[in-house]
Amino acid sequence: MAMPTVQRRTSTPASRLTRWMHTLKSSLGRPLIAVLVAFILGMIIVMIASPGALGDRFNTAVSAYYNLVMGSFGNIQSISYTLAKTTPLIFTGLAVALAYRAGLFNIGAAGQLAVGAMVAGIIGLKLGSLPGVILVPMMLVASMLAGAFWGSIVGILKAWRGAHEVVTSIMLNWIAFYVCAALVEGPFQAPGLSQQTTPLSASATLPSLANLYNQTLGTIFGQIPLAAQYTVDVSLLLAFVALVVYWFLTSRTTFGYSLRVIGQNPKAARYAGISVKRNLVLAMALAGAFAGLAGATRLMGQSPYQLISSGFSSDSTGFDAIGVALLGRTTAIGVILSALLFGGLQQAGPFLQLNVGVPGDLIYILQALVLFAVAVEYVPSFQRFLPPFMRRTKPVLAPPLVPNLIKSEALLEHASGSSTAGPPEATLTDNSVGATDAPTPATSQED
Amino acid sequence: MFLQVLGHVLITSDLWQAALQFAALLLLPALGGVISERSGVVNIAMEGMMLIGAYAGVMVAVATHNILLGVLGAMIAGGLLALVHAIVSINFMANQTVSGIAINIAALGLTNFLLPIQTNGQGITALDSSLRLPQAALGPLAHIPFIGPVLFQQNILFYVVVLIVILLHFLLFRTNIGLRIRAVGEHPQAADTAGVNVRLVRYLCVVSSGLLSGLAGAFLSLGIAGIFNQDMTAGQGYIALAAMIFGKYTPFGAAGACIVFGLGEALSPRLQDTGISANLLSTLPYLLTLVALVGLVGRTMAPAADGVPYEPAAE
Amino acid sequence: MQESTVVTQRPASSSLYAVEMREIYKAWPGVVASDHVNLRVRKGEIHALVGENGAGKSTLMNILYGLVTPDSGEVLINDRVVHIAGPRDAIRLGIGMVHQHFMLIPPLTVAENIVLGNEPGGLVSGYQRRRANEEIKALSERYGLPIDPNVLVEKLSVGQQQRVEILKMLYRGADILVMDEPTGVLTPQETDDLFAVLRDLVKQGKTVIFITHKLREVLAVTDTITVLRRGKNVGELITRETNQREIARAMVGRDVLLRVEKEPARPGAVVVQVKNLQAQSDRDLAVLHGINFEVHAGEILGIAGVEGNGQTELVEVLAGMRKATGGQITLTEVKDGVAGPAKDITNIGASNARIAGVAHIPEDRRESGLVITESIVDNSILGRHHWREFSRNSIILRLKQIASWANKLITEFDVRTPSAVAAMRTLSGGNQQKLIIARELGSNPIFLIAAQPTRGVDIGAIEFIHRQLIAQRDAGKAVLLISAELDEIRSLSDRIAVMYEGQIVDIVSPEATEEELGCLMTGSSIVNEV
């Protein structure tokens, strides 16, 4: 065995599995706790707000949660509704996640979505006579371009003017809402109506999955009865394509690698010769494209197939997406799971009022609580109850669920500035590795 | 046609009265933003704090039949929500933007959730005039032509806002407390080593922003509207955010921005005949703020440590 | 193994100690930063606290200043046991600290910075500018530290900022002044001024604790010395009874090689030619005013100079990270002693510079040389991810090749890690440094830029790095070494270029004396000064 062999990475399927399990555990653990904490707090809120004795209140809370589960995933029909609500959340969730990988906080998904929907709608209305095979792809591509344009403004302002993306996103959101509303109430207003466009022609819409199946495979394997009650449309499949694209981009390409470097350490990106500006703009454009698709697919896939002027600013999808992306830790799998959670909540909300008498807006409180729980990076008060060796120092051992992206440079300076006061850097991380690096004379004598 | 109407509208005193009323309403949360961000805590949650203030103000006023208690309730509600923001971002070192968004969602959810429960599904009817913040004419000053109606025939809270903006400017730039607030927002380590209690300063500033935003909510529901509607703030908290940035994180700057934005809001219903879309006019605050951010009219710079959680070395 | 270090036992003295720290113990997760450390500082002396990076100096002082709470041990100020829970307590006890990174707020005025936290008139009062200015003026006259209280701190030079820091302590009535590595950013002249100020302060009854790792300064200004090594006391010495060698041995735990062993250089053809190079700083001010030098194959050119004279910008321009506003850099590959065609690499960008054969060990390696949250595999291709070896068409990563490359670096450079997919932050500082060196040397460069390569690493790693640099030289590479440590420059370089205010003032042989180099570094020519 004189040959120097590399032993470290003989990766058997079994070892790969355990590693994957480990990744799964570490990436699921905190989000699950976050959701659990949020739901327990939500339960307490219901119990405070509902009438009756303590037992009654408890029963109300339990039945509220029961209705949340049954309303979203109780039967195939509700699952179908849930999936229809999940689809735009996946797109916008990816829009937030992708930007996040590059260290940008895209809270402008709402505006990018509005612009995407508007442009798709304009094409659908103006060219409604074209056959679907041409019209639908045109609308989808146009929505992506529009969203990409809107998103890249944020990227450009950030890259060249240093304008903070959170602030510019908020401004651009409202500009998008108002401009779209002006268009809907202006040139594209339906005759005789005041605040909406006419519905899209059938060739501009996306079929529901059930209908598509009935028209294709269903002719061979048997029809789905009552297909009209299953509303989820084919854009769900598009969302899966988007997820795969996202996964491939972020983990298999030099672009994804560059984004990671930029997001985690802009100084290292500069050192490596990675163009921060170009990649930021590209990331924001791609994020905008995802969000734009969310707008188009919902317009084209779900009733009423028309644009409503007040719908742009009241649509919460763009903000829910932040929860989806952060709870999903910006991974493709995570985005699916948390989009399902948020979509399910939104689907089941109305059942609360109907069946339990609890206002359906409870789900927004739950969403907010999930966001809080996700945003919290560490809980100091827990630490006091731990023995010293179990206490975790935040920056080193506990990777933050939501790294503070605001002013990453300032953060870096902050970190280096505080290093004088904190534990010495080099030694703090020594626990896993031998402390001495090069052989000292003493050890070489032993050899 | 357009210029003619505009020229005609611009010299009417009721336009300017409305503009200043909007400005005062926006200025309260904007000042809240100024004080919070000056201490280094990003606050995009004025919208939510305003909404909960508007709700609590009406509920308390109706329940107690006391307008003052209503205003107090509004401020406390806003302050409590701000306290959540403070705890989460100062102690738990949460991402302040995420926390802000969560607060906005929570406020919308909470008000919508509580409204049917507390009113047995009835909703709230328009308030009796005794439960509304009154207009107050300031004696002989109110009779000065043009200036009288514009400046001295305003809602009572208008004068309070004018007072607050002056006081806040004085506090921030002329007092020792202000020096500490600015120090904490620029360089918390330096402030800490100089003996300033960073967390306390930040707590007080964030909670103050909630009190001010809550007061704005009361102004909206008890003063201007006389009713509470679901989501009645409708993005005004975000305009206040824009005003804060446009005003370069200073009280007087924010006041100037609010006057410009308030004028825009007051103009839009008055220009409808000209074919200028009210929607397009509503983009004005955001467009102007973007322009300011891009640096065409002088760059706006946030405090250096804005948004960075402060972690004392000893933990 | 316990090395026997010379510990001069001082006779127990009845004089009053200003600071006494007894059996201070502080452990961070995985490491003991302060292992029953004792420190006794007499009233009215300048006391040096010396040790290598990570020896526990800063931890000890942060405990004294209340920024860190010790796990056990006690602190006595003026013979009284005290509990210091935070800076406020420390200030009240008369302890002042000048941190290594200044704790000043740039957009505030000098006066505002000084009085912050202790403003005239008390907390609930208007800011009394005139009174603050008067008090500061009185203070600065009394201690001979002139400063304009109305200037914004961001307009001050580094030396003036330090003066503000000292005034800040004095304003608070500090009797015990802790100076954490105060000379790192100062010119030799400013350093001398500082020492004069410190001696003056001691004369006026103050006590100074001076943290440093520069032994020359210890000998120049202090009265007594406490040496720490790996969180433990290893020596308490009296300055006038000791020497540099003895302190160094106590710090390191063994005899230190003061000179690096190396063969004489056999320089070949010119590899790097820098002509009239100009560049601007981040603030768009000219910082490089026409730099000229060349580096030959098989030689190490050292760049000496006080930090902040354009070295950082020079490195960045050479590495392609910063745009040159004028001048030219050419690179010539020398194979078997035969020079190839000269390539112009001015402003081609960091990425292309690497392809051309420039390797760069950055000065702030943890901040810019690594992405510590990512894996070793990811870090092994930082700056090279678009190379043909690592990606198809510079688009799709070749994960297998990248992994085997990372493993090759780990094996060849003995990077100690449990696995190649471990996150970079789980490695020790020395191993992080090694991975950067492995990455930069492993791609067989023709020109190596090593900026402050040994900053913040322990002695063992320093020797490893020095050997690697010599090995690169002997392999015929052109090596440019930039270091703030004059000793390092002198022992490694074959020629030394001295930089001052954005210019190369002279290129001298490593045999030049320290005094000669010092004069050049301050911009004065040797003849004038001597």
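Below, chains carry the letters A, B, ... as their sequence lines are ordered, and counting in each starts from 1. Only this structure's heavy atoms are used, side chains among them; waters, hydrogens and symmetry mates stay out. As the structure is a prediction and not an experimental result, all values here were calculated from the model.
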Which bit of [X] comes within less than 4.5 Å of chain A, counting heavy atoms only: side chain, backbone, both or neither?
X        : result
B:Ser277 : side chain
B:Ile103 : both
B:Ala278 : neither

Q) Is the gap between the ring centers of B:Phe261 and B:Phe246 under 6.0 Å? A) yes

Q. Taking the six-membered ring for Trp, are A:Phe105 and A:Tyr100 ring centroids under 6.0 Å apart?
A. yes

Q | Pairs of heavy atoms under 4.5 Å with chain B: top-ranked of A:Phe319, A:Phe177, A:Trp174 | A | A:Trp174

**Q.** Contact leader toward chain B among A:Ala368, A:Pro359, A:Ser313, where contacts are heavy-atom pairs under 4.5 Å
**A.** A:Pro359

(Q) My understanding is that only residues two or more places apart in sequence, or in another chain, count here; which of them pass ring pair (Phe, Tyr, Trp, His ring centres under 6.0 Å) with A:Phe312? (A) none

Q) With sequence neighbours left out, what residues match A:Phe342 under ring pair (Phe, Tyr, Trp, His ring centres under 6.0 Å)? A) none

Would you say that [X] contacts [Y] through its side chain, given a criterion of any heavy-atom pair below 4.5 Å between the two side chains?
X        : Y        : value
B:Leu220 : B:Leu25  : yes
B:Gln230 : B:Thr111 : no
A:Leu41  : A:Phe372 : no
A:Leu326 : B:Val98  : yes

Under 4.5 Å from any heavy atom of chain B - which part of [X]:
X        : value
A:Ile322 : side chain
A:Ile107 : side chain
A:Ile175 : both

Q. Chain A contacts: which residues in residues 80-90 of chain B have a non-hydrogen atom closer than 4.5 Å to it?
A. B:Val84, B:Val88

**Q.** Leading residue by heavy atom contact count with chain A [cutoff under 4.5 Å; candidates B:Leu284, B:Asp231, B:Ile117]
**A.** B:Ile117

Q | Most contacts with chain A, counted as non-hydrogen pairs under 4.5 angstrom, among B:Asn104, B:Leu280, B:Ile101 | A | B:Ile101

**Q.** OH-CG distance between B:Tyr286 and B:Leu241, expressed to the nearest 0.5 angstrom
**A.** 9.0 Å

**Q.** Pairwise distance CG(B:Leu108) to OH(A:Tyr364) - rounded to 0.5 angstrom
**A.** 7.5 Å

Q) Taking only residues two or more places apart in sequence, or in another chain, which ones meet B:Thr289 in a side chain to side chain donor-acceptor pair (under 3.5 Å)? A) none

